[in-house]
Amino acid sequence: MTYKNCNLCPRSCGVDRTAGQLGFCRCPDTALVAKTMLHHWEEPALAGPGGSGAIFFGGCTLGCKFCQNGAISHVPTGAPMDSTALRREMENLIAQGAENIDLVTPTQFLPTLLPALESPLPVPVIYNCGGYEKAETIRALSGKIDIYLPDLKYADNTLAKELSGISDYFGVATDAIREMFAQVGPVQWAGDKIVKGVVIRHLILPGHVDNSLKVLDWIGETFAPGQVLVSLMRQYTPMGGLSAPMDRRITDEEYDAVLSWMYLNDLEGFTQESDSADSTYIPEF
C-alpha cells in the first residue's frame with residue numbers, strides 16, 4: 001500500500017500523492033482526521049453502552065451527492081496525522097471507554113493506517129466504508145480488522161452513476177464484501193455485542209425501492225441466514241441541491257416495503273425508527 005502511483009481504490013487514479021498530485025479523492029499523502037468521538041448512534045450491538053470510538057477521516061473515494069458527511073468528504077478536511085499520532089488517538093478513545101475503534105471512510109489513507117494497526121488493540125476494530133473497495137486492498141487488511149461495516153448502496157449501476165459517478169459499483173462492492181466475509185467469517189457475538197463479522201448497511205433512497213429490493217436479494221442469495229447481518233437504514237436526510245425524488249425523506253410505505261422484503265429473504269439485523277432521518281444525528285464537524 002503506497003501513496004505513489006495511488007491505486008488504493010477502484011478509481012485507480014495512479015497519481016503520485018507524495019509529489020503533491022491529487023486524484024479523485026483530492027487527499028494528500030498523510031491522513032486527515034476530521035473528528036474523533038465516542039459515537040453512540042452506531043448499531044446498538046456495536047456502540048454498546050460506551051459508544052464506538054469513531055475516527056472520521058477527511059475525503060472519500062465515492063463522493064455521493066447525498067452524503068451526510070459531505071462537509072468533510074467532498075472537500076477533504078481534518079488534522080494531518082502520521083501513524084504514531086493515529087495510534088495515539090485510538091488509544092485515547094479506548095481510555096475514554098470506547099467499545100471498539102470505528103474507522104470511518106479510511107481507504108484513502110491506508111498507507112498511514114496500516115502501521116497504526118500493526119499491534120493488536122484490546123477492542124475490536126471496525127472498517128466502516130462505502131463498499132466501493134478493491135478486493136486486493138481489503139486483502140491487505142487481513143488480520144487487522146475484526147468487523148467490516150460496508151455500505152451496499154446500489155444494485156442499480158445507472159443509479160450509482162447518477163448519484164456517485166461510478167458505473168461499476170455493484171460488481172466491485174459485492175466482490176469486496178465477499179473478501180471481507182472470507183477474512184472474518186460469520187458474525188460472532190459476545191453477549192449482546194458483535195465482536196467479529198460483517199454487517200452490511202443499506203440506506204433506502206427515496207423513490208428507489210426497486211434498488212433496495214435487488215440489494216437484499218443479492219445478500220439473501222449469497223449468504224446463509226445469520227452469516228452476515230443487515231442494517232436497514234431509513235435515515236436518508238435531504239442535504240440540499242438535489243431534484244425529486246432525492247429532495248425528500250423516504251415514506252413509511254417505502255420503508256415498510258423494503259423491510260418486508262428483508263424478512264422474506266430471511267435476513268437478520270437492525271432497523272431504524274422514522275425519527276432517525278434528522279440532521280441532529282449528523283456529527284458536527
Side-chain angles (χ1 to χ4, degrees), residues 41-48 52 62 64 66-68 102 126-133 147-160 163-164 169-182 184-189 192-238 245-246 248-278 281:
W41 304 325
E42 301 288 43
E43 288 78 359
L46 298 177
S52 288
L62 267 175
C64 303
F66 55 87
C67 181
Q68 294 184 353
D102 183 7
I126 299 175
Y127 201 81
N128 184 340
C129 65
Y132 190 61
E133 308 285 348
I147 301 166
Y148 281 103
L149 188 60
D151 293 335
L152 187 52
K153 297 176 184 290
Y154 312 108
D156 181 346
N157 279 331
T158 300
L159 186 61
L163 296 176
S164 299
Y169 179 92
F170 186 62
V172 171
T174 52
D175 283 350
I177 290 171
R178 287 189 182 97
E179 173 59 30
M180 295 172 187
F181 181 78
V184 298
V187 170
Q188 297 180 26
W189 296 79
D192 57 359
K193 292 196 303 184
I194 298 169
V195 293
K196 198 164 189 176
V198 179
V199 180
I200 302 172
R201 283 177 166 173
H202 177 68
L203 176 67
I204 304 168
L205 299 175
H208 296 290
V209 165
D210 285 349
N211 176 64
S212 295
L213 303 187
K214 291 173 183 175
V215 165
L216 297 177
D217 281 343
W218 179 82
I219 299 171
E221 292 164 2
T222 305
F223 300 103
Q227 283 190 320
V228 302
L229 297 179
V230 173
S231 182
L232 191 62
M233 306 172 79
R234 67 182 300 170
Q235 69 185 48
Y236 178 83
T237 304
M246 301 297 292
R248 64 169 174 84
R249 292 174 170 81
I250 68 167
T251 65
D252 289 341
E253 290 77 14
E254 287 172 325
Y255 186 74
D256 289 345
V258 180
L259 180 62
S260 297
W261 204 252
M262 175 178 166
Y263 294 143
L264 285 171
N265 272 283
D266 292 324
L267 298 174
E268 303 172 12
F270 310 98
T271 60
Q272 284 187 325
E273 299 297 327
S274 59
D275 62 4
S276 63
D278 192 306
Y281 291 104

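Residues take their numbers from the sequence shown, with the count starting at 1. Model, not experiment: these values are computed from the prediction.
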TODO: Apply side-chain contact (heavy atoms from CB on, under 4.5 Å) to the pair Tyr236 and Leu205, showing each step before the final yes or no.
DONE: CA-CA 7 Å; Tyr236 178 83; Leu205 299 175; 3.9 Å; yes
Any [X] side-chain heavy atom under 4.5 Å of [Y] side chain:
{"X": "Val195", "Y": "Trp189", "answer": "no"}
{"X": "Pro150", "Y": "Ile177", "answer": "yes"}
{"X": "Val199", "Y": "Phe270", "answer": "yes"}
{"X": "Val228", "Y": "Met180", "answer": "no"}

- [ ] Under the side-chain contact (heavy atoms from CB on, under 4.5 Å) rule, what do Leu152 and Trp218 come out as? Steps first, then yes or no, please.
- [x] CA-CA 10 Å; Leu152 187 52; Trp218 179 82; 3.7 Å; yes
Open item on the list: Check Asp252 with Arg234, please: is the shortest side-chain N to carboxylate O separation under 4.0 Å?
Closed with: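 Answer for the salt bridge query: yes.
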To the nearest 0.5 Å, what is the distance between [atom1] on [X] and [atom2] on [Y]?
{"X": "Leu216", "Y": "Leu259", "atom1": "CG", "atom2": "CG", "value": "9.5 Å"}
{"X": "Asp151", "Y": "Leu203", "atom1": "CG", "atom2": "CG", "value": "7.5 Å"}
{"X": "Met262", "Y": "Leu213", "atom1": "CE", "atom2": "CG", "value": "13.0 Å"}
{"X": "Leu149", "Y": "Leu46", "atom1": "CG", "atom2": "CG", "value": "6.0 Å"}
{"X": "Ile200", "Y": "Ile219", "atom1": "CD1", "atom2": "CD1", "value": "4.0 Å"}
{"X": "Tyr148", "Y": "Arg201", "atom1": "OH", "atom2": "CZ", "value": "16.0 Å"}

Report yes or no: does [X] contribute a side-chain atom to a donor-acceptor pair with the main-chain N or O of [Y] at less than 3.5 Å?
{"X": "Asn157", "Y": "Tyr169", "value": "yes"}
{"X": "Thr237", "Y": "Gln235", "value": "yes"}
{"X": "Asn211", "Y": "Asp156", "value": "yes"}

- [ ] For side-chain contact (heavy atoms from CB on, under 4.5 Å), just list the numbers for Val198 and Leu229, CA-CA rounded to whole Å, side-chain angles, deciding distance to a tenth of an Å, and then say yes or no.
- [x] CA-CA 7 Å; Val198 179; Leu229 297 179; over 6 Å; no
Task: No-hydrogen, no-angle side-chain donor-acceptor test under 3.5 Å, Ser212 and His202 - done: yes
Task: Modelled atom types, side-chain donor and acceptor of Glu43 and Ser231, under 3.5 Å - done: yes
Smallest separation among heavy atoms of [X] and [Y], with atom names:
{"X": "Arg248", "Y": "Pro206", "result": "O-CG, 3.3 Å"}
{"X": "Glu133", "Y": "Ala176", "result": "O-CB, 3.4 Å"}
{"X": "Tyr255", "Y": "Thr271", "result": "OH-CB, 3.0 Å"}
{"X": "Gly130", "Y": "Lys153", "result": "O-CE, 3.9 Å"}
{"X": "Glu254", "Y": "Gly207", "result": "OE2-N, 2.9 Å"}
{"X": "Ile126", "Y": "Ser52", "result": "CD1-OG, 4.5 Å"}

- [ ] Verify the ring-centre separation between Phe170 and Tyr154: is it less than 6.0 angstrom?
- [x]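 No; Phe170 has its ring centre 6.0 Å or more from that of Tyr154.
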Open item on the list: Given Ile147, which partner from the list Val184, Val187, Ile194 fulfils the side-chain contact (heavy atoms from CB on, under 4.5 Å) test?
Closed with: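 Option passing the side-chain contact (heavy atoms from CB on, under 4.5 Å) with Ile147: Ile194.
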Task: Partner residues of Asp175 under the side chain to side chain donor-acceptor pair (under 3.5 Å) criterion, sequence neighbours left out - done: Arg178
